Amino acid sequence: VEPEAAETICYAGAGYMINVPFGTWSDYYALSYTGIIAYFQVSGRNYGFENNLLEIELDAVRYSSPDSLRKSTLSYAALGIGTGYYYPVVPDSLEIFIKVLGGGVYTSVTFDEDPSAADTTSIDLYVMAGAGVRAYLGETVFVNSTCSWKTIFYAEEFLNEAGISLDCGI
């Protein structure tokens with residue numbers, strides 16, 4: 001086995017997200033500018049998947065409802081695993097990708113008008129699909145721009161949201 005073939009390639013990254021809720025949720029919550037993302041990726045090439053990366057991702061988002069009749073804040077943290085296919089447009093410089101993830105979400109809703117009211121919390125499942133561009137700025141640094149769609153499977157009403165993110169990593 002050649003050393004290059006046995007090498008395991010790993011990436012770690014973090015960034016900023018903007019999210020928009022759709023459906024019934026958009027009646028209560030505005031566009032969120034307070035999202036963060038962190039992830040770790042491992043190349044699947046040693047397992048026969050040349051352009052695939054296996055990924056674990058943690059993201060957190062906070063929605064506010066300043067104009068609604070019942071002011072509240074919805075915050076969630078999502079932990080998921082998945083895979084992505086990264087197609088090299090310019091080898092070692094530029095890739096386009098698609099990815100899918102699924103996992104669990106911890107959500108907390110706080111009613112801002114009534115501080116004595118208990119927070120409502122839940123643990124639910126989610127799925128996410130996204131596409132984007134990855135540019136390598138050198139041998140070890142990259143920048144991603146991603147558009148995604150996420151569905152959180154709440155018991156009463158699913159939360160569908162679109163997001164964009166800008167992140168970097170090594």
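If you're wondering where the values come from, they're calculated on a predicted model, not measured in any experiment. This chain uses plain numbering: 1 for the first residue, then up along the sequence.
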Listed partners of Ile18 passing side-chain contact (heavy atoms from CB on, under 4.5 Å), at least two apart
Tyr16, Leu31, Tyr33, Ile164
Identify the heavy atoms of Met17 and Ala60 that sit nearest to each other, and give their distance.
CE-O, 4.1 Å
Enumerate the residue pairs fulfilling salt bridge (Lys or Arg N to Asp or Glu O under 4.0 Å) with a member in residues 84-93, sequence neighbours excluded, ordered by first and then second residue.
none
Pairs satisfying salt bridge (Lys or Arg N to Asp or Glu O under 4.0 Å), at least one member in residues 141-165, at least two apart
Asp59-Lys150
Taking CG in Leu94 as the centre, count heavy atoms belonging to other residues, nucleotides or ligands within less than 6.0 Å. Is the count above 12?
yes
Side chains of Leu74 and Trp25: does their closest heavy-atom pair fall under 4.5 Å?
yes
ILVMFWY clustering at 4.5 Å (side-chain atoms), partners of Ile36:
none
Not counting sequence neighbours, which residues clear ring-ring contact (aromatic ring centres under 6.0 Å, His included) with Phe40? List them please.
none
d(Arg134 CZ, Asp167 CG) to nearest 0.5 Å is 7.5 Å
Could you list the cluster mates of Leu125? Members are the ILVMFWY residues connected by side-chain heavy atoms closer than 4.5 Å, either directly or through other members.
Val127, Phe153, Phe158
Would you say Tyr85 and Val89 are hydrophobically clustered, going by side-chain heavy atoms of ILVMFWY under 4.5 Å?
yes
Leu79 and Ile56, any side-chain heavy atoms less than 4.5 Å apart:
yes
Report the C-alpha separation of Asn144 and Tyr39 in whole Å, then their side-chain angles, then the decisive distance to 0.1 Å, and conclude whether the side chain to side chain donor-acceptor pair (under 3.5 Å) test is met.
CA-CA 12 Å; Asn144 281 351; Tyr39 54 89; 3.2 Å; yes
Residue set satisfying ring-ring contact (aromatic ring centres under 6.0 Å, His included) with Tyr126, at least two apart, ordered chain then number -> none
Taking only residues two or more places apart in sequence or in another chain, which ones pass side chain to side chain donor-acceptor pair (under 3.5 Å) with Ser122?
Asp124
Value rounded to 0.5 Å, distance of OG1 in Thr140 from CZ in Phe142
10.0 Å
Mind running side-chain contact (heavy atoms from CB on, under 4.5 Å) on Asn160 and Trp149 for me, showing each step along the way?
CA-CA 7 Å; Asn160 294 302; Trp149 181 269; 3.3 Å; yes
Test of understanding: with ring-ring contact (aromatic ring centres under 6.0 Å, His included), list the residues that count as partners of Tyr136, not counting sequence neighbours.
none
Applying the 4.5 Å side-chain criterion to the ILVMFWY set and letting contacts propagate, would Val42 and Leu58 be lumped into a single cluster?
yes
Verify, without hydrogens or angle tests, whether Ser65 (side chain) and Ser72 (backbone) share a donor-acceptor contact under 3.5 angstrom.
yes
Quick one: list whatever passes side-chain contact (heavy atoms from CB on, under 4.5 Å) with Ser43, sequence neighbours left out.
Ile9, Arg45, Leu53
Please name the pair of heavy atoms, one in Val61 and one in Ser32, separated by the smallest distance, quoted to 0.1 Å.
CG1-OG, 3.6 Å
Closest non-hydrogen atoms of Ser26 and Pro21, given as atom of the first, atom of the second and distance, are CB-O, 3.4 Å
Acceptor/donor pairs from residues 96-111 side chains to any protein atom, 3.5 angstrom cut, sequence neighbours excluded:
from, atom 1, to, atom 2, distance (Å)
Lys99, NZ, Glu55, OE2, 3.2
Lys99, NZ, Glu57, OE1, 3.2
Thr107, OG1, Tyr154, OH, 2.7
Thr110, OG1, Asp119, OD1, 3.3
Thr110, OG1, Asp119, OD2, 3.4

Give the other cluster members for Tyr47, using side-chain heavy-atom distances under 4.5 Å between Ile, Leu, Val, Met, Phe, Trp and Tyr residues; answer none if it is isolated.
Phe49
